[in-house]
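Here the structure is a predicted model, which means the values were calculated and not measured.
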Amino acid sequence: MAHLGRDFFARDTLAVARELLGQRLVRIWEGERLSGCVVEVEAYIGEEDQACHARCGRTKRNATMYGPPGHAYVYFVYGMHHCLNVVTGRKGFPAAVLIRALEPLEGIEVMRARRGGRADVELTSGPARLCQALGIDRRFDGVDLCVPDASLFVEKSGALPDVAVTTGPRVGVRGDEAALAAPWRFYVQDNGYVSR
DNA sequence: GGATCGATCGGCT
DNA sequence: GCCGATCGATCCG
């Protein structure tokens, strides 16, 4: 299956978020494929979105969100965790989709080792967990996912029907009423790897 | 230069 | 369910 290209990410952020569900996130780690099916995402859209890192404008930390689509935006938080986003929309407008959970598919032994032997259901069922399992840290911030030799990319898989997808408010965010209410979390219904 | 705090996780009650 | 870990970016002075 082919890598998803720039055109996929250079679209409306909510459409990208919805359609990322069911696709395969692949990390090439020391020549081995580590991968999982995307089962949970959240959209963060623009400076008006009070839950978005770009709510106070452009800074050194969030600069990648303002760059071209199809790049990874990886940030460090709580002194120990990394989270992976994919930049969406047009260059210059800050928007991204946070990858919150995967269902592991390939390289599970490596993931178990990286996650300290935790239960399989805890390998990638959270934004920081999946970064640890796949070996993703801030060195990936700004990396292009749409080049042929990328060590991190999204592989096209089958589309999920709407009946398999649930939406709801985003997890763990602060902000105004609109930000707290926006149903910009998308996840695969009844999938055991969805966080929480 | 110093204080604050976060798109989380895991351990403990 | 609650709380501490842990650190760099950001903001204020």
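- Screening residues 70-85 of chain A for side chain to side chain donor-acceptor pair (under 3.5 Å), with sequence neighbours left out, gives A:His53-A:Tyr73.
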Scan the side chains in residues 7-19 of chain A for donor-acceptor partners under 3.5 Å anywhere in the protein, sequence neighbours excluded, and list what turns up.
| residue | atom | partner | partner atom | Å |
| --- | --- | --- | --- | --- |
| A:Arg11 | NE | A:Phe8 | O | 2.8 |
| A:Arg11 | NH1 | A:Glu19 | OE1 | 3.3 |
| A:Arg11 | NH1 | A:Glu19 | OE2 | 3.4 |
| A:Arg11 | NH2 | A:Phe8 | O | 3.4 |
| A:Arg11 | NH2 | A:Glu19 | OE1 | 3.0 |
| A:Asp12 | OD2 | A:Leu14 | N | 3.2 |
| A:Asp12 | OD2 | A:Ala15 | N | 3.1 |
| A:Thr13 | OG1 | A:Thr88 | OG1 | 2.7 |
| A:Arg18 | NE | A:Asp162 | OD1 | 3.4 |
| A:Arg18 | NH2 | A:Leu160 | O | 2.8 |
| A:Arg18 | NH2 | A:Asp162 | OD1 | 2.7 |

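- More than 12 heavy atoms of other residues, nucleotides or ligands shown are found within 6.0 angstrom of CD on A:Gln189.
- Each of A:Arg100, A:Arg170, A:Arg196 was scored for a salt bridge (Lys or Arg N to Asp or Glu O under 4.0 Å) with A:Glu40, with one residue passing: A:Arg100.
- With pairs defined as Watson-Crick or G-U wobble and both atom distances under 3.5 Å, the stems of at least three pairs that touch DNA chain B come out as B:1-6 with C:7-12, B:8-12 with C:1-5.
- A close approach under 4.0 Å does not occur between any side-chain nitrogen or oxygen of A:Thr59 and OP1 or OP2 of C:dA9.
- Considering only residues two or more places apart in sequence or on other chains, A:Phe186 meets the ring-ring contact (aromatic ring centres under 6.0 Å, His included) condition with none of them.
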Please list every donor-acceptor pair under 3.5 Å in which a side-chain atom of residues 139-147 of chain A meets a protein atom from a residue at least two apart or in another chain.
| residue | atom | partner | partner atom | Å |
| --- | --- | --- | --- | --- |
| A:Arg139 | NH1 | A:Asp137 | OD2 | 3.2 |
| A:Arg139 | NH2 | A:Asp137 | OD2 | 3.3 |
| A:Asp141 | OD1 | A:Thr64 | OG1 | 3.1 |
| A:Asp141 | OD1 | A:Val74 | N | 3.2 |
| A:Asp141 | OD2 | A:Thr64 | OG1 | 3.3 |
| A:Asp144 | OD1 | A:Arg6 | NH1 | 2.8 |
| A:Asp144 | OD1 | A:Arg6 | NH2 | 3.4 |
| A:Asp144 | OD1 | A:Cys146 | N | 2.9 |
| A:Asp144 | OD2 | A:Arg6 | NH2 | 2.9 |

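- Separating the CG atom in A:Leu134 from the CG atom in A:Leu84 is a distance of 8.5 Å, to the nearest 0.5 Å.
- Of the possible donor and acceptor atoms, none in the side chain of A:Gln50 sits under 3.5 Å from a partner among the backbone N and O of A:Ala178.
- Heavy atoms of A:Arg138 sit under 4.0 angstrom from primed sugar atoms or phosphate atoms, though from no base atom.
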Nucleotides 4-13 of chain B: protein proximity per nucleotide (B base, S sugar-phosphate only, - neither; heavy atom, under 4.0 Å): --BBBSSS--
